[in-house]
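If you're wondering where the values come from, they're calculated on a predicted model, not measured in any experiment. Along the sequence shown, residues are numbered consecutively beginning with 1. Any value given below was found using the heavy atoms of this structure, including those in side chains, with hydrogens, waters and symmetry copies removed.
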Amino acid sequence: MISFCFCSGEAHARLCDFFGFHRDEKVAGVEVEFREIPYFIVSRSRTAWNPEQGDINAINLLSVNDGGIFVDSVSMQGQPAADGSRRHTFIPWSNVLSMTITRAAKGAEGTAQA
C-alpha cells in the first residue's frame, strides 16, 4: 500500500539528509509504500469517513530516525485533529518497502529502499 505524506519541518530536514538533498530543497511530495497497512489507517475505514477530511490513506510524517518513521495517526491533510489531539505512532523500517520523494524544483524523484 502506498500512502502520501504531509511532512513536518523536522521530517522534511531528516528526509533531505536521508536522500542526500540540501535541506533547503523544495519537496513536492513524499510517498511511503508499506509492507502491511498500519492499523490506524485500517481503523479509519471503520469510522464514518468524511471525504472533506482528505485522502483516507494519507499520513502526517513527524520525524524519521534510524529505527523508522514517526507519524501523527489522527491528523488529516497535515493538520491536527478537530479536537486538537495528536497521537504519535512509530512505524519501523521493517514495515516500509520504499519511500519516494519528488523534488519540486527539478521534478526529479529519489527513491530509497528501507
Side-chain angles (χ1 to χ4, degrees):
M1 182 196 113
I2 297 176
S3 291
F4 177 78
C5 300
F6 296 93
C7 292
S8 70
E10 177 185 345
H12 177 269
R14 294 294 309 261
L15 285 173
C16 285
D17 290 346
F18 185 71
F19 280 88
F21 301 156
H22 191 273
R23 285 185 174 207
D24 293 334
E25 183 95 33
K26 300 280 188 216
V27 173
V30 177
E31 294 177 336
V32 176
E33 180 181 9
F34 294 108
R35 182 179 312 278
E36 296 179 22
I37 301 171
Y39 180 74
F40 68 88
I41 293 177
V42 174
S43 68
R44 289 175 182 175
S45 66
R46 295 184 178 157
T47 62
W49 189 258
N50 180 347
E52 292 177 8
Q53 291 175 277
D55 183 353
I56 196 169
N57 295 319
I59 60 173
N60 187 13
L61 188 60
L62 299 173
S63 186
V64 178
N65 70 21
D66 292 340
I69 60 177
F70 289 90
V71 302
D72 178 355
S73 57
V74 297
S75 66
M76 293 294 118
Q77 300 291 344
Q79 301 299 318
D83 63 2
S85 65
R86 294 188 92 167
R87 181 179 300 155
H88 293 225
T89 302
F90 175 72
I91 301 171
W93 286 121
S94 61
N95 193 33
V96 177
L97 291 176
S98 67
M99 181 176 277
T100 302
I101 294 180
T102 304
R103 298 161 71 175
K106 299 174 186 170
E109 289 187 354
T111 301
Q113 294 294 326

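The ring pair (Phe, Tyr, Trp, His ring centres under 6.0 Å) search around Phe40 returns none, not counting sequence neighbours. Under the rule for a ring pair (Phe, Tyr, Trp, His ring centres under 6.0 Å), Phe34 has no partner lying at least two apart in sequence or in another chain.
One distance of note links CG of Asn95 with CZ of Arg35; it measures 7.0 Å at 0.5 Å rounding. Note that the CD1 atom of Ile69 and the CD1 atom of Ile59 stand 4.5 Å from one another [nearest 0.5 Å].
Val27 and Val32 end up in the same hydrophobic cluster when Ile, Leu, Val, Met, Phe, Trp and Tyr side chains are linked at under 4.5 Å. Both Met99 and Met1 are part of a single hydrophobic cluster, where members link through side-chain heavy atoms under 4.5 Å apart. A continuous path of Ile, Leu, Val, Met, Phe, Trp and Tyr side chains, each step under 4.5 Å between heavy atoms, connects Ile91 with Val42, placing both in one hydrophobic cluster.
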(message) Please determine whether side chain to side chain contact (heavy atoms under 4.5 Å, CB included) holds for the pair Phe70 and Asn65, giving the CA-CA distance in whole Å, both sets of side-chain angles, and the decisive distance to 0.1 Å.
(response) CA-CA 8 Å; Phe70 289 90; Asn65 70 21; 3.1 Å; yes
(request) Would you sort out whether Leu61 and Val71 count as a side chain to side chain contact (heavy atoms under 4.5 Å, CB included), showing the intermediate values? (result) CA-CA 5 Å; Leu61 188 60; Val71 302; 4.1 Å; yes
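With a 4.5 Å cut-off on side-chain heavy atoms, Ile101 and Glu25 do not count as touching. Side-chain atoms of Leu15 and Cys7, non-hydrogen and from C-beta on, do get closer than 4.5 Å to each other.
Between Phe18 and Trp93, the ring planes are parallel. Angles under 30° get that label, and only those over 60° would be called perpendicular. Ring geometry for Phe6 against Phe4 counts as perpendicular: the plane angle is over 60°, on a 0 to 90° scale with 30° as the lower cut.
With hydrogens and angles ignored, the 3.5 Å screen pairs a side-chain donor or acceptor of Ser3 with a backbone N or O of Asn57.
For residues 5-21, the set of pairs meeting the side chain to side chain donor-acceptor pair (under 3.5 Å) definition, not counting sequence neighbours, comprises Glu10-Ser63, Asp17-Arg23.
In the model, Ser98 has a side-chain atom that pairs as donor or acceptor with a side-chain atom of Glu33 under 3.5 Å.
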